[in-house]
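Have a look at the structure below, then the notes.
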Amino acid sequence: MPAVVIDGKAISQKIREDVQRRTTILKEKSITPCLAVILAGEDPASISYVTAKEKALTEAGMTGRNIHLPADTAETKLLNLIAELNKDTSVHGILVQLPLPRHINEDKVITAIDPAKDVDGFHPVSVGNMVLGRPGFLPCTPHGVLVLLREIKHPLSGAHAVVVGRSNIVGKPLANLLTRRDVNATVTVCHTGTKDLVRHTLEADILIAAAGKPALITPEMVKPGAAVIDVGVNRVPDSSAKNGYRLCGDVENAVAEKAGYITPVPGGVGPMTIAMLMQNVVQAAEESKV
Ligand code: NAD
């Protein structure tokens, strides 16, 4: 039986409706949640992500302050801008779209954001809070994956989850969240140094692909009935497509014949990432009035 396709769009819509409701309550108290989005350069994928975030902010009734800087912006200029936004009480969240131009130190920029406005959850304080299980902003993509898994009611406690990828924004935090006591999965993290990837993926009750490699996960690598979450978003050349490329994940389409659940790309994890971001922005605004 083919896999149940997890409708990330529908699940994210429920979260966005809740965000909208919370935004209305804040607006009645004259607080309009506001996210400052900083984009440096002209990377096409980054521009499309920023556009999607702005659209979601408007739909939720929140404000987006869109700051588009040239690719050759000096690091100090960006750091000064962040310092101003940190002080600005009408701004509740600050998001710097990654990747930044090569001459700018990403770590320095992320660390410059006030943790109270770190709605991406990338600041070392946010990461520390997450690891310690303290309240704080969770990174949007890993949090979205967790919500998807909960939503399909896939057994998590005692399940073996295999995460392919160890980046700071997806693989590492996801592995951490899955081992939380209230999730209780056993986690294996695979990466470019992993020998015999198939041996690990075949053991997975939950397989999460976050490598950024098209078709890395093939049906032979998947345990029958596993929940397969495809985080990958890859642009592959396609002359038949209007813009010359199409989007695909890290998981081959044929995996749907073997898995129990699967997320589509697009329409799986992507919409969840945006919904969790909106949730973090409204949370930042709610906490700002205290
Ligand atoms: P990254 O390049 O920073 O990290 C990729 C990780 O995959 C690395 O840790 C690497 O060790 C591992 N890896 C790469 N090739 C591998 C292989 N052959 N075998 C085993 N491990 C391998 O990427 P990232 O920022 O974590 O993003 C991963 C993917 O997820 C990308 O396609 C990105 O576009 C996508 N992404 C999607 C969303 C979303 O909202 N859907 C959000 C963030 C990232």
Side-chain angles (χ1 to χ4, degrees), residues 3-23 33 35 49 52-53 56-57 59-60 62 93 95 118-122 126-127 129-131 133-165 167 169-185 187 204-210 226-233 249-251 259-284 286:
V4 173
V5 178
I6 305 173
D7 189 346
K9 251 183 153 168
I11 297 169
S12 68
Q13 190 53 36
K14 286 199 283 182
I15 296 163
R16 283 166 67 162
E17 280 162 17
D18 182 59
V19 168
Q20 213 166 11
R21 185 188 57 78
R22 288 161 67 182
T23 301
L35 175 67
Y49 293 141
K53 287 165 191 173
L57 285 166
E59 268 175 33
M62 306 198 264
L95 181 150
D118 175 39
V119 289
D120 249 344
F122 296 163
S126 304
V127 177
N129 284 334
M130 177 193 67
V131 172
R134 291 184 185 169
F137 297 114
L138 294 179
C140 306
T141 303
H143 192 194
V145 170
L146 192 55
V147 172
L148 278 184
L149 288 169
R150 285 207 155 114
E151 199 55 42
I152 61 168
K153 306 209 169 14
H154 194 78
L156 295 172
S157 184
H160 185 185
V162 175
V163 181
V164 183
S167 72
I169 62 168
V170 187
K172 272 191 220 165
L174 194 45
N176 183 272
L177 291 177
L178 289 165
T179 54
R180 280 188 166 186
R181 201 174 281 275
D182 62 341
V183 181
N184 229 16
V187 180
D205 304 310
I206 299 165
L207 177 59
I208 299 161
V228 179
I229 307 293
D230 191 354
V231 181
V233 179
D250 289 357
V251 177
Y261 290 92
I262 197 160
T263 55
V265 177
V269 175
M272 292 304 292
T273 297
I274 298 204
M276 303 328 286
L277 173 68
M278 297 301 120
Q279 197 175 70
N280 280 351
V281 176
V282 81
Q283 182 188 324
E286 285 166 350

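The first residue of the sequence shown is numbered 1, and numbering continues consecutively from there. Hydrogens, waters and symmetry mates play no part in the numbers below; they use all other heavy atoms, side chains included. The shown structure was predicted, so the numbers you read here are calculated from the model rather than taken from an experiment.
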Give me the atom names and distance for the closest heavy-atom approach of [X] to [Y].
| X | Y | value |
| --- | --- | --- |
| Pro155 | Ile206 | O-CD1, 4.1 Å |
| Ala284 | Phe137 | CB-CZ, 3.6 Å |
| Asp250 | Gly232 | OD1-CA, 3.5 Å |
| Pro271 | Gly268 | CD-O, 3.3 Å |
| Ala204 | Ala226 | O-CB, 3.4 Å |
| Thr179 | Asn176 | OG1-O, 2.8 Å |

Any side-chain heavy-atom pair from [X] and [Y] closer than 4.5 angstrom?
| X | Y | result |
| --- | --- | --- |
| Arg16 | Ile274 | yes |
| Gln13 | Glu17 | yes |
| Val269 | Val145 | yes |
| Ile15 | Val147 | yes |
| Ile169 | Thr141 | no |

Between [atom1] on residue [X] and [atom2] on residue [Y], distance to nearest 0.5 Å:
| X | Y | atom1 | atom2 | value |
| --- | --- | --- | --- | --- |
| Asp120 | Asn280 | CG | CG | 8.5 Å |
| Leu95 | Lys53 | CG | NZ | 4.5 Å |
| Gln283 | Gln279 | CD | CD | 7.5 Å |
| His143 | Leu148 | NE2 | CG | 10.5 Å |
| Lys9 | Met272 | NZ | CE | 14.0 Å |
| Thr263 | Ile208 | OG1 | CD1 | 9.5 Å |

Item checked: Check: Ile11 main-chain N/O paired with Asp7 side-chain donor or acceptor under 3.5 Å ->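 Pair absent, no side-chain N/O of Asp7 close to backbone of Ile11.
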
Notebook entry, point to check: Do any N or O atoms from the side chain of Asp230 and from the backbone of Val251 form a donor-acceptor pair under 3.5 angstrom?
Noted result: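 Yes: the side chain of Asp230 pairs with the backbone of Val251.
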
Margin query: Between Arg22 and Asp18, does any NZ, NE, NH1 or NH2 come within less than 4.0 Å of an OD or OE carboxylate oxygen?
Written below: yes

Notebook entry, point to check: Under the criterion side-chain contact (heavy atoms from CB on, under 4.5 Å), which of Val119, Leu57, Thr23 is the partner of Pro33?
Noted result: Thr23

Notebook entry, point to check: What residue among Val183, Ile229, Leu138 forms side-chain contact (heavy atoms from CB on, under 4.5 Å) with Leu146?
Noted result: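 Passing option: Val183.
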
Next item on the list: List for me each residue that meets side-chain hydrogen bond (donor to acceptor under 3.5 Å, both in side chains) alongside Asp205, sequence neighbours excluded, and say none if there are none.
Entry: Lys223

Next item on the list: Please report the C-alpha distance between Met278 and Glu59 in whole Å, then the side-chain angles of each, then the deciding distance to 0.1 Å, and finally whether the side chain to side chain contact (heavy atoms under 4.5 Å, CB included) criterion is met.
Entry: CA-CA 10 Å; Met278 297 301 120; Glu59 268 175 33; over 6 Å; no

Note to self: The criterion is side-chain contact (heavy atoms from CB on, under 4.5 Å); which residues satisfy it with Asn184, sequence neighbours excluded?
What the structure shows: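 By the side-chain contact (heavy atoms from CB on, under 4.5 Å) rule, Asn184 matches Ser157.
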
